[in-house]
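Please read the structure below before turning to the comments.
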Amino acid sequence: MAEEEKKSLNFLEQIVEEDLQSGKHGGRVLTRFPPEPNGYLHIGHAKSICLNFGLAAKYGGQTNLRFDDTNPEKEETEYVDSIKADVRWLGFEWAGEELYASNYFESLYQFAVTLIKKGLAYVDDQTSEQIASQKGNPNFPGEDSPYRYRTVEENLDLFSRMRAGEFGDGAKVLRAKIDMAHPNMHMRDPLMYRIKHAPHHRTGDTWCIYPMYDFAHGQSDSIEEITHSVCTLEFDVHRPLYEWFIEKLGIYPSHQYEFARLNLTHTVMSKRKLLQLVNEGVVNGWDDPRMPTISALRRRGFTPASIRNFCEKIGVAKRDNLIDVGVLDYCVREDLNKLATRVMAVLDPIKVVITNYPTDEVEELQVENNPEDENSGSRTVPFSREIYIEKDDFMEVPMKKFFRLGPGLMVRLKGAYIIKCDDFVKDEFGNITELHCSYIPESRSGSDTSGINVKGTIHWVSIQHAVKAEVRVYDRLLILEDASQVGDDFKKFINPDSLTVIPEVFVEPSLKEAKVGTNYQFMRKGYFCLDPDATAEHLVFNRTVGLKDTWVKEKSK
RNA sequence: UGACCGAUGGUGUAAUGGUAACACUACAGUUUUUGGUACUGUCAUUCAUGGUUCGAAUCCAUGUCGGUUAACCA
């Protein structure tokens, strides 16, 4: 038996394997994906999802889906539903029911009481401005709050009255008593609770005090006995605090590990910036196919497998990275090449009359559905005397290496006959409006006895059978490669051609049956799928991604 | 300027003290009834300087550069 090639492990897998070996968590692996329900998931989240679910699955563990819903002012049920749908669509299943940090509000409250009793937390009456000014700065230590040395009894009393709703928003906060001179700013008596008289999407008006991220996330991990809490690099500086709370509370020792989040060229990834694009109408909603959101990628025709492969391919490490969107394109093409049915569609038509073909004849030609899949079968495509071909498949003065149509040149019509261009018609402006060709009757596809070899094969659509459709072609959102260099100025670099609508193209009749969710390859043009905007009378196709085109390069030489 | 994280080809990710690998891109070919797919080939002495060692991308020191961090956001 051949030696199985040992695939190298990423740093998280190494940690898990070490922990498994040392029996750190009793051989258990439980991860979690903890989105805040305040926006839609994007491809960066997909990386995290694949990481968390993939890591657990690889080592026989499970993954919790836990909504980090500690800020009632920003969070909504609508987002909960879309996030669940996106995770499922990506192909992952979380352990049991979805969970919520808000499930633990009572436990969290009790944790806070415990810390107060230990003299490790206190109620502060100052304004946020006062507290901020006492924080000091990275070079200078902060100063203690005048309320820092309240008695345990007073803190207990005040905290319970905070919960009871006796104080207004912002009147008081609960802070951890750590060290106002700590070199890590997050350890300078961080806030644990704030007062918000706001209804929560799950707990309604049960609470008017809500825990901060730092006093909710780690404790939730611990309550669920998460073994490996994987998050992005910016939380690295929070880790000492994460560990401080767990240690002082003496609760389950979950551990946090950080990885570098995904950055894509020509794209912005932060929820805030994506929300801006939506709110300002730069795009038509969260699922506009130009967006890097999961819902947009789905609408655009990306498959779950292609996104999972992408996440696998880009790897995971701790250094900053900027992945070329071309890698994402590659991953969809790779997947779609194997499963997309090939069809013919002419996006920029020119009429061709096959002068020696009988006027009334229609042939039903058999065309294979997918040369990459021998089980895909074939379909029937009507052929007749008048067809459309792509305008740029003809050149009046063919350049060298142009293997298509030109005066006197021959091409194969895909699945049909070889034709020869005998003549062309120009209008008064000199535009070519029509080609006159003759076909070689013996060259019929599958029973070709003509002995003629042509270098080019082009797609076509029979005019009388053609179905009209709209096509939407997408390009990168930003003209700029690295959006991190311009910050909030990114909108100056929006690609004006990120969406091109072609109102009327001609597609073969089989596409009348096209369904949302099915991927097609328009031969020689790219991968397309039906948009949800489509109706039976008005077909709309999104271009998922173009085919690799080496001719454009050749042409420009 | 404090703390923390990081630095390997154009881009990512490996190599875990034993002589830089894989993928993408680019380029050059072969095959092809999609100028697609598939296949073949070409493209780096690892941020710098010192040190440890028979041997360093890997360990140590110093420096340089990049990132994160000082919300009653997560």
Side-chain angles (χ1 to χ4, degrees), chain A residues 7-10 14 34-36 38 68-71 73-75 101 124 126-128 131-132 135-142 169-175 182-188 191-196 209-210 212-214 216-217 231-240 258 260 265 271-272 312-324 326-327 329-331 333-334 337-338 342 344 367-368 371-372 401-404 411-416 418 443 445-446 448 453-459 484 521-526 546-555:
Chain A
K7 197 172 178 285
S8 61
L9 303 174
N10 66 47
Q14 286 176 34
E36 182 189 12
N38 70 341
D68 232 329
D69 56 351
T70 56
N71 187 350
E73 288 165 348
K74 292 187 178 172
E75 294 147 6
D124 196 328
Q126 299 180 102
T127 64
S128 61
I131 291 174
K135 277 250 158 145
N137 67 42
N139 306 305
F140 292 97
D169 286 7
K172 288 180 166 41
V173 291
L174 184 73
R175 300 177 70 180
H182 198 106
N184 180 335
M185 297 294 289
H186 292 276
M187 297 295 271
R188 322 247 264 223
L191 269 60
M192 294 165 59
Y193 269 92
R194 76 288 215 191
I195 300 172
K196 275 182 193 287
I209 57 172
Y210 293 94
M212 301 287 291
Y213 168 84
D214 284 307
H217 195 95
C231 63
T232 47
L233 246 28
E234 60 266 33
F235 292 101
D236 183 297
V237 283
H238 293 248
R239 180 152 36 89
E258 310 85 17
T265 56
K271 269 192 236 176
R272 205 189 91 247
E312 176 66 30
K313 195 162 302 240
I314 59 175
V316 56
K318 297 192 77 160
R319 67 185 90 100
D320 296 319
N321 59 82
L322 179 62
I323 310 283
D324 195 317
V327 179
D329 292 344
Y330 172 85
C331 290
R333 287 198 196 101
E334 185 185 42
N337 176 51
K338 286 176 294 186
R342 271 60 171 173
M344 293 196 281
V367 181
E368 62 180 344
E372 300 294 317
K401 290 190 178 174
F402 184 73
F403 306 139
R404 309 177 198 175
V411 278
R412 155 82 56 190
L413 295 174
K414 175 70 191 178
I418 292 172
S443 68
S445 194
D448 184 352
N453 251 325
V454 291
K455 281 210 100 165
T457 299
I458 64 173
H459 61 281
S484 76
Q521 185 196 97
F522 288 7
M523 291 199 91
R524 304 207 302 140
K525 284 288 149 191
L547 253 27
K548 215 167 131 189
D549 188 353
T550 51
W551 169 244
V552 293
K553 273 177 275 181
E554 185 65 39
K555 209 166 40 174

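Values below: every heavy atom of this structure, side chains too, minus hydrogens, waters and symmetry copies. Within every chain, numbering begins at 1; the chains are lettered A, B, ... in the order of the sequence lines, protein sequences first and strands thereafter.
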Give me, pair by pair, the N or O atoms of the protein and of nucleotides 58-60 of chain B that are less than 3.5 Å apart, along with how far apart they are.
none

_Base contacts versus sugar-phosphate-only contacts with protein, heavy atoms under 4.0 Å: please encode nucleotides 17-29 of chain B as B, S and - from 5' to 3'._
------SSSSSS-
*Going 5' to 3' along nucleotides 64-74 of chain B, which nucleotides have protein heavy atoms under 4.0 Å from the base (write B), which only from the sugar-phosphate (write S), and which from neither (write -)?*
---SSSB-BSB
*Reading nucleotides 43-48 of chain B from the 5' end, what letters show protein touch, with B for base, S for backbone sugar-phosphate only, - for no heavy atom under 4.0 Å?*
------
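Qualifying side-chain contact (heavy atoms from CB on, under 4.5 Å) partners for D124(A), counting only residues two or more places apart in sequence or in other chains: Y122(A), Q126(A), I131(A), S145(A), Y147(A), V173(A), R175(A). Every residue two or more places apart in sequence or in another chain that forms a ring pair (Phe, Tyr, Trp, His ring centres under 6.0 Å) with F235(A) is listed here: Y213(A), H238(A). Partners of E372(A) under the side chain to side chain donor-acceptor pair (under 3.5 Å) rule, at least two apart in sequence or in another chain, do not exist in this structure. With sequence neighbours excluded, the residues satisfying side-chain contact (heavy atoms from CB on, under 4.5 Å) with P240(A) are N184(A), M187(A). For the side-chain contact (heavy atoms from CB on, under 4.5 Å) test, residues two or more places apart in sequence or in another chain that qualify with T457(A) are R412(A), K414(A). Under the rule for a side-chain contact (heavy atoms from CB on, under 4.5 Å), the partners of M212(A) that lie at least two apart in sequence or sit in another chain are L191(A), R194(A). Remark: S484(A) engages D482(A) in a side chain to side chain donor-acceptor pair (under 3.5 Å) (not counting sequence neighbours).
Here R404(A) lies in heavy-atom contact (under 4.0 Å) with a base. Counting any heavy atom pair closer than 4.0 Å across all strands shown, Q521(A) reaches a base atom. Across all strands, V552(A) comes closer than 4.0 Å to no nucleic acid atom at all (heavy-atom distances).
For R342(A), the listed nucleotide lying nearest its side chain is U34(B); candidates were U34(B), G12(B), G35(B). Checking U13(B), G2(B), G36(B) against the side-chain heavy atoms of E372(A) singles out G36(B) as nearest.
For U33(B), the base has a donor-acceptor partner in the side chain of S445(A) [N/O atoms by modelled type, under 3.5 angstrom]. For U33(B), the base has a donor-acceptor partner in the side chain of R412(A) [N/O atoms by modelled type, under 3.5 angstrom].
Taking the P atom of each, G12(B) and U62(B) are spaced 28 Å apart, rounded to whole Å. Atom name C1', nucleotides G18(B) and A7(B): the rounded distance is 24 Å, in whole Å.
Protein atom CZ of F403(A) is 12 Å distant from nucleotide atom C1' of U32(B), rounded to whole Å.
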*For RNA chain B, produce a single dot-bracket line, 5' to 3'. Pairs: Watson-Crick or G-U wobble, both distances under 3.5 Å. Symbols: ( ) within strand, [ ] crossing, | other strand, . unpaired.*
.((((((..((((....[..)))).(((((.......)))))....(((((..]....))))))))))).....
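Contact annotation: R319(A) side-chain N/O to A7(B) OP1/OP2 distance is under 4.0 Å.
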